[in-house]
*Asks:* 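Have a look at this one.
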Amino acid sequence: MNKRCELCDFKFEKETGFFFGAMFVSYALGAAEMIASLVLFWNIVDLSPLMVFSIIVVIAVLLSTFNFRLSRSIWTHIFYKN
């Protein structure tokens, strides 16, 4: 991750451990994705519980890198002031 924004020179990591809070954002994103997948594939598509569990695991693994970057971006934007 870059230390500063190339466009506006915003310093991303304000202090050591700044992105510790982004873990909570990532947890919330992952939980929301898993719950949405559960509702979709179990209630709407009507798949077996084992198949639904397998799909949720695959979705969680595939979206983990996306969630990592998105959660850091959300956490940074909470503290960013124009």
*Asks:* If the condition is side-chain contact (heavy atoms from CB on, under 4.5 Å), which residues does R69 pass it with, not counting sequence neighbours?
*Replies:*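 For R69, no residue satisfies side-chain contact (heavy atoms from CB on, under 4.5 Å) once neighbours in sequence are set aside.
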*Asks:* Atom CG of L29 and atom CE of M34: how far apart are they, to the nearest 0.5 Å?
*Replies:*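 Here the interatomic distance stands at 10.5 Å.
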*Asks:* Drop me the distance from S71's OG to F66's CZ, to the nearest 0.5 angstrom.
*Replies:*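 Rounded to the nearest 0.5 Å, the OG-CZ separation comes to 10.0 Å.
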*Asks:* Mind listing the side-chain donor-acceptor pairs of residues 36-50 below 3.5 Å, one per line with the distance, residues two or more places apart or on another chain?
*Replies:*
unit_1: S37; atom_1: OG; unit_2: E33; atom_2: O; d: 2.8
unit_1: S48; atom_1: OG; unit_2: M51; atom_2: N; d: 3.3

*Asks:* So with a 6.0 Å cut-off around CZ of F53, is the heavy-atom count from everything else above 12?
*Replies:*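 Incorrect, the count does not exceed 12.
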*Asks:* Minimum heavy-atom separation for F18 to W75, with atom names?
*Replies:*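 The pair with the smallest heavy-atom distance is O-NE1, 2.9 Å.
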*Asks:* Please round to the nearest 0.5 Å and tell me the distance separating atom CG of D9 and atom CZ of R4.
*Replies:*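 Nearest 0.5 Å value for the CG-CZ distance: 4.5 Å.
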*Asks:* Between CE of M23 and CZ of R72, what distance do you get to the nearest 0.5 Å?
*Replies:*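 The distance works out to 10.5 Å.
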*Asks:* In this structure, would I78 and F68 fall into the same cluster of hydrophobic residues linked by side-chain contacts under 4.5 Å?
*Replies:*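 Result: no, two separate clusters.
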*Asks:* In terms of hydrophobic clusters joined by side-chain contacts under 4.5 Å, are I74 and F20 together?
*Replies:*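 I74 and F20: separate clusters.
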*Asks:* Return the set of residues passing side-chain contact (heavy atoms from CB on, under 4.5 Å) with Y27 (not counting sequence neighbours), or none when no residue passes.
*Replies:*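 Expected list: none.
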